[in-house]
Number of protein chains: 2
Amino acid sequence: MNTDVSEILKRNQLSVTESRRRILDLFKNNNGALAHADIEKHTGEQFDRVTIYRTLQTFVEKGIVHTIPTADNSVLYALCKDDCEPGHHHDNHIHFICDQCGTTYCLDHLTIPQVSLPHGFRETRTDLVVSGKCDKCA
Amino acid sequence: MNTDVSEILKRNQLSVTESRRRILDLFKNNNGALAHADIEKHTGEQFDRVTIYRTLQTFVEKGIVHTIPTADNSVLYALCKDDCEPGHHHDNHIHFICDQCGTTYCLDHLTIPQVSLPHGFRETRTDLVVSGKCDKCA
DNA sequence: TAATGTTTTGCAACAAAGTTGCAAAATAAA
DNA sequence: TTTATTTTGCAACTTTGTTGCAAAACATTA
Ligand SMILES: [Mn+2]
Ligand SMILES: [Mn+2]
Ligand SMILES: [Zn+2]
Ligand SMILES: [Zn+2]
């Protein structure tokens with residue numbers, strides 16, 4: 001599993017460091033989305049807060065994880081499963097946030113419908129976030 | 001225009017205070033969305049930061065304005081045009097955020113398409129936010 | 001209009017979240 | 001192994017948001 005993670009880092013021209021391996025590993029073994037605070041909890045006192053911020057930022061830039069906007073103004077991060085590239089994400093799937101348990105699901109098989117914008121408007125990114133209760137909490 | 005604004009406040013069982021009139025007026029004369037910082041700028045040193053926070057919170061609760069989630073983790077507020085009620089918003093329209101000029105548009109005539117969720121998932125709120133370049137910046 | 005009760009405001013103090021510069025440590029390249 | 005490059009942790013700081021409480025503003029009633 002570590003080799004797996006290291007491969008991803010190398011493929012993206014990133015130095016393989018302990019924090020990056022550890023954080024990427026967390027995403028791999030946690031098929032929901034993670035907030036900055038979640039990562040801080042899971043990694044304990046192991047890494048500095050600043051390192052986590054910078055690592056997440058790097059991962060987003062490289063197209064390894066994508067961000068998910070939420071109604072309550074907290075940023076969530078989840079692994080990219082599509083062929084995302086630096087500066088150009090393709091995670092056009094719907095996200096579901098459970099109000100009860102807090103879990104965020106990447107609904108990979110549900111693609112975001114095409115929106116026909118008013119004349120002159122150019123789309124570069126679309127987020128479709130549904131919140132409510134998940135199957136376990138309903 | 002002030003009477004207009006006062007009416008809205010009274011209709012929602014809110015005391016008519018200067019800060020509430022002023023802030024609601026801002027929304028009326030600004031048909032995009034406003035961030036907390038925007039309001040702080042427009043009203044100058046007139047009101048305390050805390051008052052603005054509390055006023056926005058009150059407006060959201062009463063269904064006078066609604067929030068718009070953004071990819072960059074900043075909360076935006078916009079006037080409700082539909083028949084929103086306390087604790088129950090009906091602003092199911094698409095939002096567009098221009099990366100260039102920063103303007104946020106409520107695309108009232110574009111309703112959010114129905115999403116068929118996996119079995120057991122219950123929807124309570126759906127946000128569809130498109131970002132890119134608006135007609136003025138394209 | 002004036003007196004009274006209720007709500008809202010501003011202040012201060014605090015907590016949480018995020019950013020930046022820089023020297024030390026870790027990693028990659030030679 | 002040595003050297004060059006990148007990343008990390010620390011400290012200090014900024015920005016954003018929250019809370020308790022007394023003073024001020026507002027609504028109500030007489
Ligand atoms: Mn996702
Ligand atoms: Mn809107
Ligand atoms: Zn749940
Ligand atoms: Zn624009």
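Since the model is a prediction, treat every value here as computed from it, not as a measurement. Numbers restart at 1 for each chain; the letters A, B, ... are given by sequence-line order, proteins then strands.
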Answer whether the closest heavy-atom distance between the side chains of [X] and [Y] falls below 4.5 Å.
| X | Y | result |
| --- | --- | --- |
| Y77(A) | I68(A) | no |
| E123(B) | V115(B) | no |
| F27(A) | L34(A) | yes |

Heavy-atom neighbours of D135(B) CG exceed 12 at 6.0 Å: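 Counting neighbours around CG of D135(B), more than 12 heavy atoms of other residues, nucleotides or ligands fall under 6.0 Å, so yes.
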Quick check against the 3.5 Å criterion: does [X] have a side-chain atom that pairs as donor or acceptor with the backbone of [Y]?
| X | Y | value |
| --- | --- | --- |
| R122(A) | C134(B) | no |
| D38(A) | A35(A) | yes |
| T124(A) | S131(B) | yes |
| H66(A) | D91(A) | no |

Sugar-phosphate only, base, or nothing, as touched by Q46(B) at under 4.0 Å among non-hydrogen atoms: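 Touches sugar-phosphate only.
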Salt bridge (charged side-chain N to carboxylate O under 4.0 Å, His left out): pairs with one or both residues in residues 40-67 of chain B, sequence neighbours excluded: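 Salt bridge (charged side-chain N to carboxylate O under 4.0 Å, His left out) check on residues 40-67 of chain B returns no pairs.
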Any N/O pairs under 3.5 Å between the protein and nucleotides 25-30 of chain D? List them or say none.
{"residue": "dA27(D)", "atom": "OP1", "partner": "V16(B)", "partner atom": "N", "Å": "2.8"}

Protein-nucleotides 15-19 of chain D N/O pairs closer than 3.5 Å?
{"residue": "dG17(D)", "atom": "OP1", "partner": "N73(A)", "partner atom": "ND2", "Å": "3.4"}
{"residue": "dG17(D)", "atom": "OP2", "partner": "Y53(B)", "partner atom": "OH", "Å": "2.8"}
{"residue": "dG17(D)", "atom": "O5'", "partner": "Y53(B)", "partner atom": "OH", "Å": "3.4"}
{"residue": "dG17(D)", "atom": "N7", "partner": "R49(B)", "partner atom": "NH1", "Å": "3.1"}
{"residue": "dG17(D)", "atom": "N7", "partner": "R49(B)", "partner atom": "NH2", "Å": "3.2"}
{"residue": "dG17(D)", "atom": "O6", "partner": "R49(B)", "partner atom": "NH2", "Å": "3.1"}

Segment of DNA chain C, first to last nucleotide, that comes within the 4.0 Å heavy-atom reach of chain A: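 The footprint of chain A covers dA17(C) to dA28(C).
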Same cluster (ILVMFWY, side-chain, under 4.5 Å), F96(B) and V129(B):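 They do not share one cluster, since no chain of ILVMFWY contacts under 4.5 Å joins F96(B) to V129(B).
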Side-chain donor-acceptor pair present, T70(A), S74(A), cut-off under 3.5 Å: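 Yes, S74(A) and T70(A) have a side-chain donor paired with an acceptor closer than 3.5 Å.
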Rounded (10°) bend between the five-pair end axes of the helix from dT1(C)-dA30(D) to dA30(C)-dT1(D):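 Its terminal axes enclose an angle near 40°.
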With sequence neighbours excluded, residues passing salt bridge (Lys or Arg N to Asp or Glu O under 4.0 Å) with R125(A):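 D127(A).
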